[in-house]
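Here's the structure, in structure tokens; my notes come after.
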Amino acid sequence: MKVCKGETYERVFVNEEVNLNIEQEADSHVKIHVINAPFSITVNQIGEGCSTEIYGLEHLRGEDDVTAETHVTHSVGGGTSNQLVKFVLEDNARGRFIGDLKIAQDAQQTEAHQTNRNLVLSETAEMRTQPQLEIYADDVKATHGASTGQLDESALFYMQQRGIDKEKARQLLVNAFMREIVDTISDERMKELMNERLLNAIDGVVE
Amino acid sequence: MKALLEIKDLHASIGGKEILKGVNLVINEGEVHAIMGPNGAGKSTLSAVLTGNPAYEVTSGEVYLKGENLLEMAPEVRARAGVFLSFQYPVEIPGVSMTNFMRTAINAKRAYESKEPLSAKEFLALMREKKKMLELPDKLNNRSVNEGFSGGEKKKNEIFQMAMLEPCLSILDETDSGLDIDALRIVAEGVNKLKTPHNASIVITHYQRLLDYIVPDFVHVLADGRIVKTGDKSLALELEEKGYEGL
């Protein structure tokens with residue numbers, strides 16, 4: 001599909017597998033959230049001054065096996081892109097992130113960020129991360145980061161020391177991890193819905 | 001006088017290395033006990049063991065809180081029973097708001113005491129009251145727990161949590177470290193305001209300075225895992241003058 005000059009394409013996909021191949025014309029904007037579904041999103045900025053935002057959140061349990069793929073290409077300059085993909089893995093779940101970021105030789109003054117953060121909550125869950133960066137232009141700002149870890153034991157103990165039981169403390173930390181993605185949803189009603197659904201309402205929560 | 005905490009011949013280790021080698025201590029209601037000692041003496045280990053930090057192993061000995069076996073309780077149960085630790089290094093918890101964190105903690109304690117949870121309105125009123133009492137700024141509420149706080153703000157936030165939870169036994173672990181004199185004064189005044197005839201404090205410190213503000217009833221010197229000397233507040237001054245070697 002094509003996002004025409006100056007237009008905006010914004011969608012939140014929940015529990016729905018996503019396969020998208022998008023070309024962005026000049027000054028167009030793309031903002032996509034995928035929550036709890038496999039996805040493969042390819043975006044090519046073919047016009048100047050575009051912005052692309054891709055957010056993925058996968059909370060996997062049981063035997064879930066989910067791959068999230070992003071392929072972002074800056075063919076011309078002056079554009080921005082941000083990819084943030086987070087996995088929470090429990091039980092025997094398997095997750096995989098494949099993220100390509102390509103900045104072509106002519107795509108000067110591009111700003112591009114790719115981040116993949118994963119929280120592994122069981123010893124039998126597994127996460128694989130394959131980021132790939134190809135940068136051919138020299139006047140660009142590009143960052144990428146990937147990390148896979150467990151819950152912060154010192155934070156868990158701190159909360160227990162205040163009387164919060166370990167299970168609830170874990171839930172608060174997992175929710176905090178996921179909230180970063182939910183907070184980026186523009187539509188307030190959708191954000192609220194996701195907060196309720198994902199961050200399974202905890203007793204005593206006040207916002 | 002009622003005994004609040006009784007520690008009997010407590011031995012504890014971390015990673016197989018014995019740190020506490022037979023600590024005995026009785027703390028009664030209304031008392032302030034200072035524990036001083038050189039680095040590595042076991043001061044922080046004692047606070048970790050009393051609060052149930054899983055990194056430490058109690059190898060022998062007994063601890064009772066109001067006659068109940070403290071060592072058998074999970075860390076969160078100890079907290080609800082009234083043991084509070086002001087951490088030497090308060091932990092930053094990004095994404096968890098102070099308000100949410102504190103309300104979850106308060107209501108966990110209230111459930112333990114078979115009390116109804118506080119409503120949002122009651123809770124916010126309580127926060128305001130305690131902040132005012134401690135002369136703390138309002139801005140801490142909507143931030144994540146300790147995230148981006150300065151050293152002084154973190155310590156003030158510990159005392160604020162102490163005020164909210166109204167513990168019967170507060171352990172202040174090196175609360176003075178990294179504080180300038182103004183922050184030290186605010187923190188110490190907070191601790192003094194929270195003192196009642198029914199609660200008690202253990203003030204762990206390396207320096208005499210804090211004890212100018214929080215005056216202890218007893219000063220204990222912990223060295224190589226044992227309490228080697230006990231005195232009144234003059235012992236702290238003596239230590240400051242002569243050092244631990246002078247004992």
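Every chain is numbered from 1 and lettered A, B, ... according to where its sequence line falls, protein lines coming before strand lines.
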Taking atom [atom1] as the centre, does [X] end up with more than 12 heavy-atom neighbours from other residues, nucleotides or ligands that are less than 6.0 angstrom away?
X        : atom1 : value
B:Tyr89  : OH    : no
B:Lys66  : NZ    : no
A:Glu123 : CD    : no
B:Glu68  : CD    : no
B:Glu116 : CD    : no
A:Gln150 : CD    : no
A:Glu192 : CD    : no
A:Glu180 : CD    : no

How long is the gap from [atom1] on [X] to [atom2] on [Y], to the nearest 0.5 Å?
X        : Y        : atom1 : atom2 : answer
B:Lys109 : A:Ile164 : NZ    : CD1   : 13.5 Å
A:Gln161 : B:Phe84  : CD    : CZ    : 6.5 Å
B:Met162 : A:Arg162 : CE    : CZ    : 10.5 Å
A:Arg179 : B:Ser97  : CZ    : OG    : 7.5 Å

Indicate the atoms forming the closest heavy-atom contact of [X] with [Y], along with that distance.
X        : Y        : answer
B:Glu76  : A:Lys166 : OE2-N, 3.5 Å
B:Val96  : A:Ala176 : CG2-CB, 3.8 Å
A:Gly163 : B:Ala79  : N-CB, 3.4 Å
B:Ile93  : A:Tyr158 : CD1-CD2, 3.9 Å
A:Lys168 : B:Thr104 : CD-CG2, 3.4 Å

For [X], which atoms come within 4.5 Å of any heavy atom of chain A: side chain, backbone, both, or neither?
X        : result
B:Leu85  : both
B:Pro117 : neither
B:Pro167 : neither

- [ ] Taking the side chain as every heavy atom from C-beta outward, state whether B:Glu92 and A:Asp152 have any pair of such atoms under 4.5 Å apart.
- [x]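 Side-chain contact under 4.5 Å: no.
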Open item on the list: Quick check for you: among B:Val77, B:Leu118, B:Asn53, which has the greatest number of heavy-atom pairs under 4.5 Å with chain A?
Closed with: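 Maximum pair count with chain A is reached by B:Asn53.
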Task: Choice from B:Met164, B:Glu158, B:Met102 maximising heavy atom contacts with chain A below 4.5 Å - done: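 The answer is B:Glu158.
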Open item on the list: Angle between ring planes, A:Phe157 versus B:Phe87, binned at 30° and 60°: parallel, tilted or perpendicular?
Closed with: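 Ring orientation of A:Phe157 relative to B:Phe87: perpendicular.
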